[in-house]
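In the text below, chain A, chain B and the rest are named by the order of the sequence lines, each starting its count at 1.
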Protein chains: 2
Amino acid sequence: MAEKASGGVQSVERAFELLELITNAGGEVTLSELSSFTSLPLPTIHRLLRTLVSLGYVRQLANRRYSLGPRLIRLGEVANKQLGSLARPHLKNLVETLGESANMAVLDSEMVVYIAQVPSPHSMRMFTEVGRRAHTHDTGVGKAILAQLEDDTVRDIVTRAGMPTPTEMSIGNISDLMLELKRIRERGYSIDEQEQEIGVRCFAMAVPDAPTPMAISVSGPVSRVDEAFAERAVPLLQSAAEQISAQLNAAAAS
Amino acid sequence: MAEKASGGVQSVERAFELLELITNAGGEVTLSELSSFTSLPLPTIHRLLRTLVSLGYVRQLANRRYSLGPRLIRLGEVANKQLGSLARPHLKNLVETLGESANMAVLDSEMVVYIAQVPSPHSMRMFTEVGRRAHTHDTGVGKAILAQLEDDTVRDIVTRAGMPTPTEMSIGNISDLMLELKRIRERGYSIDEQEQEIGVRCFAMAVPDAPTPMAISVSGPVSRVDEAFAERAVPLLQSAAEQISAQLNAAAAS
DNA sequence: CGGTCAGTTTCCGTATTATGGATATTATTA
DNA sequence: TAATAATATCCATAATACGGAAACTGACCG
């Protein structure tokens, strides 16, 4: 009937769609807001929510609004650990060799989420926190991920997320971004040249063949993270990305 | 046909059951393991998993095992923040005044989950991590929550979760627990008297009228957390619990 | 190196299950 | 208190998910 015969179980797809909508709406929604976002009929939404509430994945507030339930916390924690613990040794290795903070992030619909971070030993360092969401067009990891996607997908992502320009170095329109992605594809890695914060430079590389688009990066103050740093960092980034990729696609121990 | 006409959408319930099973199995399972846990037929499990994989909530490893997908991370983070960010200022306040670690936990079916934690400034302190699950009968927050529930519900919860006794102070049977809950109801707060770990005492109080049963606590070594401490702590706990309750039940801003 | 087997995936007819229009109920506003 | 808008429930319908059976894949062993 619809436009997509994906073969998936529709009620499950719809239930998760609702969860995502609640999340995107800032974690708290009314039933009718949901109905205006989805084009699903109200009774259907209500029934799915009822199910989710009874399971504890959604909770209903006193004002009858719906928000995410506590049961999701654990799923998220475990999922996080799952990927993060796999990546952390590699990031740690980068930090030990290069002396700057290393991060890993995944694409989550139209934003990137940091899922692992190893801080640099320097006192002056980045304060990237695990779980934080960031735009794709103004971060090293974001651009590295975008460079792996189809142009149409990229356009869709930045259109949905918007293109704020936190600094005067940030890329503010799609055509500039496309040019930049072209350079990244040729070069094999991305540079965040003070695009998110003045004084901070970052080198990032996508993890190839990942089940979800993801990238790793090293970042620090421009004074330390310069051309010479890049020469040391890029091969290490590449090797780490490849190792993570291999582990992701490899058989795991029993 | 089955035993439960819960009125919920079955495929959704089953999908989440699978997610929980993967989580409980440590985050990585084979299809047939799942089938042995659930009594669902293999094709059904497979179809649900396929749906979850295509949505990004489950990922399939190269060894054909299934594990939790990155998309869950964000849902968990937001759900966490939802409750935690509301509570954190109050916990921080407790820590500043009392000098001991403060926690908040919610009931999640038959266990409690810690959703916010502010560590004490002391070097010797608890290592309660956000997202951790614990039993109800041997923790301060757990007992505070149980004391708010019907006796039948309590019985059901501890039956499902079991009653392990991590220390010789732990409560090991239901009748003792019921007596303890009676004392807690009269007193208005619960005490974890080295029931989870020798040397650790904890005072906890339920958050009244919460949409989900929840409680806050302060905990520390018995040497510091004594009778005199309790006299200072209890009124503060009460006030914090009431403030959190008020916020939970207030209408949210547009 | 070929054969066997357990585990995984796909197929497809069936009927159980989710669906959503219509309606009742409950909050909210005037 | 009445009117209005939101939320929740009912129930006949058929579309949807279901699961038995069969095909496929990779692993292990002879």
Side-chain angles (χ1 to χ4, degrees), chain A residues 1-19 21-22 25 28-55 57-67 69 211 249-254, chain B residues 1-19 21-22 25 28-55 57-67 69 209 211 248-254:
Chain A
M1 272 311 121
E3 53 187 32
K4 195 183 169 192
S6 61
V9 177
Q10 264 120 12
S11 40
V12 173
E13 288 175 348
R14 289 171 168 186
F16 278 99
E17 188 187 346
L18 292 177
L19 286 178
L21 282 172
I22 297 173
E28 208 178 306
V29 208
T30 67
L31 187 59
S32 40
E33 281 178 288
L34 284 176
S35 114
S36 70
F37 293 155
T38 53
S39 79
L40 289 175
L42 273 170
T44 301
I45 297 174
H46 184 256
R47 181 162 21 79
L48 289 170
L49 284 177
R50 257 174 65 87
T51 306
L52 292 172
V53 168
S54 80
L55 293 171
Y57 298 104
V58 166
R59 68 200 178 93
Q60 183 162 29
L61 309 174
N63 24 340
R64 304 197 158 194
R65 283 163 186 254
Y66 292 91
S67 83
N249 293 313
S254 74
Chain B
M1 272 314 115
E3 54 187 31
K4 195 183 171 191
S6 61
V9 178
Q10 265 118 10
S11 40
V12 173
E13 288 175 348
R14 289 172 168 186
F16 278 100
E17 188 186 348
L18 292 178
L19 286 178
L21 282 172
I22 298 174
E28 207 178 306
V29 209
T30 67
L31 187 60
S32 40
E33 281 178 287
L34 284 175
S35 118
S36 70
F37 293 154
T38 52
S39 78
L40 289 175
L42 274 170
T44 301
I45 298 173
H46 184 256
R47 181 162 21 77
L48 290 170
L49 284 177
R50 258 173 64 86
T51 305
L52 292 172
V53 168
S54 79
L55 293 172
Y57 298 104
V58 166
R59 66 198 179 95
Q60 182 163 29
L61 309 175
N63 26 336
R64 306 196 157 190
R65 283 163 187 255
Y66 292 92
S67 83
D209 306 316
L248 279 173
N249 292 313
S254 71

Rounded to whole Å, how long is the line connecting atom [atom1] of [X] with atom [atom2] of [N]?
X	N	atom1	atom2	value
B:Leu31	C:dT9	CG	P	6 Å
B:Leu34	C:dT8	CG	C1'	13 Å
A:Glu13	C:dT19	CD	C1'	16 Å
A:Arg50	C:dG20	CZ	P	17 Å
B:Glu33	C:dA6	CD	P	17 Å
A:Leu49	D:dA8	CG	P	9 Å
B:Ile45	C:dG7	CD1	C1'	13 Å

Margin query: Can you tell me if B:His46 touches the phosphate of C:dT9, counting only side-chain N or O atoms and a distance under 4.0 Å to OP1 or OP2?
Written below: yes

Margin query: Check this one for me: any side-chain N or O of A:Tyr66 less than 4.0 Å away from OP1 or OP2 of D:dA6?
Written below: no

Checklist line | Rounded distance [0.5 Å steps], NE2 in B:His46 versus CG in B:Leu31 | finding: 6.5 Å

Notebook entry, point to check: What distance separates A:Glu33 CD from A:Glu28 CD, expressed to the nearest 0.5 Å?
Noted result: 9.0 Å

Next item on the list: Can you sort out the partners of B:Thr44 under side chain to side chain donor-acceptor pair (under 3.5 Å), two or more places apart, ordered by chain and number?
Entry: none

Next item on the list: Search all heavy atoms of A:Ser11 against all heavy atoms of B:Val9 and return the closest pair with its distance.
Entry: CB-CG1, 3.8 Å

Check: Does the separation of the ring centres of B:Phe16 and A:Phe16 fall below 6.0 angstrom?
Finding: yes

Next item on the list: Just jot down the side chain to side chain contact (heavy atoms under 4.5 Å, CB included) partners of A:Ser32, sequence neighbours excluded, or say none.
Entry: A:Thr30

Note to self: Restricting to side chain to side chain contact (heavy atoms under 4.5 Å, CB included), what partner residues turn up for A:Ser35, sequence neighbours left out?
What the structure shows: A:Leu42, A:Ile45

Notebook entry, point to check: Angle, rounded to 10°, between the helical axes spanning five pairs at each terminus of the helix from C:dC1-D:dG30 to C:dA30-D:dT1?
Noted result: 50°

Notebook entry, point to check: Name the one of A:Ile22, A:Leu21, A:Val58 that satisfies side-chain contact (heavy atoms from CB on, under 4.5 Å) with A:Val29?
Noted result: A:Ile22

Next item on the list: Please identify each residue that fulfils ring-ring contact (aromatic ring centres under 6.0 Å, His included) with B:Tyr66, with sequence neighbours left out.
Entry: none

Next item on the list: If a protein heavy atom is under 4.0 Å from the base, mark B; if only from the sugar-phosphate, S; if neither, -; do that for nucleotides 17-27 of chain D going 5' to 3'.
Entry: SBBBB---SS-

